[in-house]
Amino acid sequence: MMEYNPRAIEKKWKKYWDDNQVYKVSNKSDKPKFYVLDMFPYPSGSGLHVGHPLGYIASDIYSRFKRLNGFNVLHPMGYDAFGLPAEQYAIQSGIHPAKSTSDNIARYREQLENLGFNYDWTREVQTCDPKYYKWTQWIFLQLYESYYDNDINKAQSIRLLTEAFEKEGNLGINAVTTQEDIFTAEEWNEMTAAQQEDILMNYRLAYRKKGYVNWCEELGTVLANDEVKDGVSERGGYPVEKKAMLQWSLRITAYAERLLNDLDTVDWSDSLKAMQRNWIGRSEGAQLFFDVADSDEKIEVFTTRPDTIFGATYMVLAPEHDLVAKLTSSEQQAAVDDYLKYVNARSERERMSEVKEVTGTFIGAYAINPFTKTKIPIWIGEYVLKDYGTGAIMAVPSDDDRDNAFATKFGLEIIDVVDKTDYPGATLSDKIGKMINSQYLNGMEVKEAIETMLEKIEEEGIGTRKINYKLRDANYSRQRYWGEPFPIVYNQDGTSFPLDESELPLELPNLEDFKPASGGKSPLARLDDWINLDNGYVRETDTMPGFAGSSWYFLRYMDAHNDEEFVGQDAVNYWQDVDLYIGGTEHAVGHLMYSRMWHKFLYDNKLVPTAEPYKKLINQGMIQGVIESLYLMKEKKDGFSHFMCAGLAKEQGVENFSKILIHVDFVKEYGSDNSYIDIDSIKKFIDWRPSYKDAIFECSKGVYQKGVFTSKGDATDSRLVTQSEVGKMSKSKYNVINPDVVVERYGADCFRMYEMFLGPIEQSKPWDTNGIDGVSKFLRKLWSLFYNENGDYLVKDEEPSKEHLKILHTAIKKVNADIERFSMNTCVSNFMVCVNDLKKAKCNNKAVLQDLVILLSPFAPHVTEELWHALGNDTTVNDATYPQANESYLVEDSYTYPISINGKKRALADFANGLSKEELEKGALELEAIQKWTEGKTIRKVIVVPKRMINIVVG
RNA sequence: GCCCCUGUGGCGGAACUGGUAGACGCGCUGGAUUCAAAAUCCAGUUCCUUCGGGAGUGGGGGUUCGAUUCCCCCCGGGGGUACCA
């Protein structure tokens with residue numbers, strides 16, 4: 001072969017890998033296992049851009065590296081194939097989501113294969129495949145048939161619960177539940193089946209309940225908390241409102257404490273763990289009751305600051321609180337009604353964006369402060385949330401910013417209870433200071449006072465210690481078509497029944513019209529034949545959310561074709577858990593939280609051997625794009641749109657211009673300060689945006705309009721400078737770079753190495769196609785160690801020289817260490833150094849080059865497979881043995897010491913290894929370059945660190 | 001507001017536990033080869049400089065013989081979260 005030809009080489013070896021099933025992985029092996037997982041992609045219609053494969057390349061390198069080091073490596077891929085976008089697309093286009101999804105999957109597969117990944121495709125899964133979602137439905141039913149036992153701290157069969165109810169009622173049951181009323185065994189046994197079922201719903205881990213949910217009108221569905229950002233839907237950015245609906249939920253709150261504590265056992269980034277801890281939001285405090293004056297009612301509140309109770313001068317209930325109706329006085333009825341009307345009219349978004357403004361109203365009732373025994377007014381206010389704590393607070397305006405703002409606005413009493421004069425600069429959230437105006441607490445530090453009050457509250461029987469979580473149960477119903485149907489039917493009373501396991505999977509029926517049904521229902525609600533069963537029962541018409549299928553997919557890869565179990569026990573006991581998970585941070589609180597919960601549930605049921613699914617997790621950064629735009633004058637010129645060069649626009653003040661996005665493909669030297677468009681580019685732009693066909697394009701070289709360029713001097717072409725900035729790579733920014741295009745030009749090996757070379761995987765960085773030449777040159781240089789320009793094979797099988805071995809083993813040592821710490825960018829640098837040095841040293845030695853080929857193969861699998869065979873091997877390089885660094889090749893007989901005067905480097909000098917500290921000191925002081933600095937000065941100290949540096953302190 | 005991450009040449013980025021700041025690559029400059037270009041190769045490239053040196057890792061302080069690295073304060077960028085009681 002004459003020169004390095006990636007296109008031919010890559011095609012050839014892909015076929016070889018395929019024909020020989022090189023990447024097929026067995027569940028039976030004597031080798032230690034290693035499981036490398038990529039985050040489950042949703043196959044979107046726009047395909048992959050260069051940002052997506054970043055994590056896939058890193059995981060591919062690592063899994064190849066592990067395989068070469070003697071591990072049996074599982075590295076699978078599949079698709080999170082149910083989801084909203086396909087359905088939204090179906091509504092617009094009429095194309096069935098199954099069709100568009102499978103088309104998109106085909107495109108993804110093609111793009112992924114193009115990059116030479118070592119996936120075992122025989123294990124591919126798709127969540128929309130009935131063979132897969134049979135088991136999603138099955139796990140849901142296990143959740144439905146379980147409750148959480150606080151005494152043994154794990155999930156238990158609901159059968160054990162009903163047995164206990166039959167014998168002793170629910171008094172002795174310590175379970176996670178929303179059941180408040182106590183009942184005896186007799187009462188339970190006398191209940192109707194429907195009544196019993198209602199009670200069980202308060203215990204089931206998958207349960208159905210009417211509650212306030214995030215309703216998105218535009219998407220026609222309910223969303224989980226993590227799918228709502230800033231009061232709008234994460235997908236699409238549509239408004240979301242709180243709506244009371246009958247919905248399925250998962251009792252993830254049962255696992256809050258374990259989800260929090262077990263974060264200490266996994267190797268994840270601090271920021272990711274922090275996000276999860278925040279989302280769980282654990283806080284310790286007290287739950288206590290305030291009596292209501294002239295009433296039997298009590299108001300239950302949660303507080304983390306029981307020490308400040310002597311400063312509690314009023315109470316606030318959430319507007320939706322149950323007691324509001326009961327406690328409102330007739331005089332205040334009109335005011336309360338007005339206020340509730342106002343609150344209900346406000347969208348979630350308004351409520352969030354106008355946080356600064358305090359609103360509320362007095363309801364005309366009073367509570368008794370249990371410690372001061374004074375009557376304090378009860379208010380309602382938006383700032384108290386129905387679904388956190390008890391939906392009611394004791395307000396301490398002196399020690400809480402929100403209470404303070406409220407009290408100030410409405411003229412409520414403020415009593416100082418914490419003296420912070422000892423702590424200048426301390427804020428209210430610091431929880432420090434000395435107690436005042438608080439009877440027996442006076443003089444105590446806050447910490448001590450909290451503990452004292454907690455004891456006091458329990459002693460007096462007005463409340464208990466309590467731990468609260470921000471984490472809410474997860475909405476599990478979606479009023480959509482393209483998701484897993486619930487294996488649930490209802491009788492005429494609305495009581496739910498699970499389908500029998502033998503009836504699974506409950507397949508998603510076919511549909512032609514994908515618009516939501518009326519009344520906030522899924523399109524499935526229109527399928528009368530499907531809904532209504534012969535026995536008079538009806539089916540659930542909602543479908544499961546996206547996180548259902550993705551919460552356990554990594555288990556299915558272990559045993560993808562098992563028809564008997566969701567995963568075979570032999571398989572799961574062999575593969576255990578995921579050793580390395582690479583993916584973006586966007587799943588921090590959604591997918592990662594849900595799948596951890598499912599895993600813990602399966603663990604409680606002894607179906608998986610580990611308590612956590614993902615041992616180590618790396619968040620890859622985003623690859624950003626360059627966003628290019630043109631400056632368009634806000635005022636038209638002679639009725640024509642008028643674009644101007646960025647330079648001219650800046651002179652005239654950019655506020656007079658609007659920025660019009662332009663496709664980066666049209667821009668010359670895009671991304672640089674000098675990015676510009678010439679006449680050719682302008683023509684492309686006009687073809688793309690025909691509304692600007694008559695526009696004026698003005699730059700310092702001249703003016704272009706309607707096909708004519710009028711030069712301002714002797715220029716023959718336009719050079720209209722565009723505005724470049726770094727931002728998200730996305731279809732809507734017209735800056736998407738398709739990896740296929742890069743691979744076509746430079747080859748997959750080059751693309752893979754260049755993505756790694758851009759920088760650390762965790763960091764976000766901009767894509768710049770220009771830089772790829774460096775990696776391309778490197779690969780050609782590598783090739784040139786094997787073949788000269790005439791195609792002559794240069795490799796010689798002889799004894800390697802010491803120099804060559806040293807170059808090789810330096811690289812082995814560094815690359816090995818760098819892969820282990822996922823520093824792929826420095827690995828690429830090390831390869832470049834190695835090849836540069838071998839080239840300079842004119843190395844064509846077989847032993848040296850063969851080890852180099854193995855070392856490089858995880859990064860550039862195609863070219864190394866070619867060279868591996870060229871070296872005379874006839875099995876795949878994947879089955880080679882990874883070279884180990886031999887320190888004896890690396891020893892030097894001297895070291896070049898930097899010699900500093902007062903910490904500032906002044907000279908370099910070679911000293912033989914093995915010299916004593918005294919000899920090194922003497923040698924350094926004798927140097928001419930050093931004497932120049934020490935002359936006439938006192939040498940106070942000399943620090944000698946062998947094989948590092950010498951520092952001379954003079955004064 | 002709170003929490004987490006981050007700040008190094010024109011650019012992407014190196015520098016493992018404190019020890020030669022700027023590896024490697026892009027870009028740029030000069031040169032070789034060429035009729036010319038591409039490709040390739042060689043040399044240079046942090047800034048200032050009176051060519052002795054001086055300054056320098058967002059800014060200011062500190063610890064140390066020595067700080068990009070550790071500590072304190074401040075500023076900028078990114079992400080998460082938000083009336084969470």
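The figures that follow rest on heavy atoms only: side chains count, while hydrogens, waters and symmetry mates do not. In what follows, every chain begins at residue 1, and chains take the letters A, B, ... in the order their sequences are listed.
Comparing atom distances between the A/Tyr895 side chain and each of B/rU20, B/rA85, B/rA23 picks out B/rU20 as nearest. Of the listed nucleotides (B/rA14, B/rC65, B/rU20), B/rA14 has the atom at the smallest distance from the side chain of A/Thr826. Comparing B/rA21, B/rU40, B/rC83 against the side chain of A/Lys905 picks out B/rA21 as the nearest. Set against B/rG80, B/rC4, B/rG13, the side chain of A/Asn278 has B/rG80 as its closest nucleotide. Considering only the side chain of A/Met949, B/rG19 comes nearest among B/rA85, B/rG19, B/rG12. Ranking B/rC24, B/rG80, B/rC84 by closeness to the A/Met275 side chain, first place goes to B/rG80. Set against B/rC3, B/rG19, B/rA85, the side chain of A/Ala274 has B/rC3 as its closest nucleotide. Closest to the side chain of A/Pro766, from the set B/rG80, B/rA55, B/rG12, is B/rG12. Nearest nucleotide to the side chain of A/Ser271, out of B/rA14, B/rC4, B/rG25: B/rC4. Nearest nucleotide to the side chain of A/Lys932, out of B/rG53, B/rU81, B/rC4: B/rG53.
Judged by Watson-Crick or G-U wobble contacts below 3.5 Å, the nucleotide B/rC51 has no partner. Searching all strands for a Watson-Crick or G-U wobble partner of B/rC35 with both distances below 3.5 Å returns nothing. Pair assignment for B/rU17 gives none, since no Watson-Crick or G-U wobble pairing has each distance under 3.5 Å. Pair assignment for B/rG30 gives B/rC42, based on Watson-Crick or G-U wobble hydrogen-bonding distances that are each under 3.5 Å. Within the shown strands, nothing qualifies as a pairing partner of B/rG22 under the Watson-Crick or G-U definition with both distances less than 3.5 Å. With a 3.5 Å ceiling on both atom-pair distances, the Watson-Crick or G-U wobble partner of B/rG1 is B/rU81.
Base orientation of B/rG12: anti (glycosidic angle beyond 90° from 0). B/rG76 has its base anti relative to the sugar, with a glycosidic angle deviating from 0 by more than 90°.
Side chain of A/Lys273 to backbone of A/Leu263: a donor-acceptor contact under 3.5 angstrom is found.
Between the P atoms of B/rG80 and B/rU29, the separation comes to 41 Å (whole Å).
The aromatic rings of A/Trp767 and A/Phe751 sit tilted relative to each other, their planes meeting at an angle between 30° and 60°. Taking the six-membered ring for Trp and thresholds of 30 and 60 degrees, A/Phe757 and A/Tyr754 have ring planes inclined between 30 and 60 degrees apart. In this structure, A/Phe831 and A/Phe859 have perpendicular ring planes: the angle between them is above 60°, well past the 30° mark.
Aromatic ring centroids of A/Tyr314 and A/Phe406 lie under 6.0 Å apart.
Among the heavy atoms of the strands lying under 4.0 Å from A/Asn836 are primed sugar atoms or P, OP1, OP2 only; no base atom is included. Nucleic acid contact for A/Leu385: base, since at least one base atom lies under 4.0 Å from a heavy atom of the residue. Across all strands shown, A/Val384 has heavy atoms under 4.0 Å from base atoms, whether or not it also approaches the sugar-phosphate.
With rounding to whole Å, A/Phe911 atom CZ is found 21 Å from B/rG19 atom P. Atom NZ in A/Lys765 sits about 19 Å away from atom P in B/rG25, given to the nearest Å.
Mapping A/Lys470 and A/Val589 onto RNA chain B by nearest heavy atom places A/Val589 closer to the 5' end of the strand. Across the interface with RNA chain B, nearest-nucleotide mapping of A/Arg821 and A/Val953 shows A/Arg821 to be the residue nearer the 5′ end.
For the pair A/Arg596 and A/Trp279, the cation-pi test (distance below 6.0 Å, angle within 45°) is failed.
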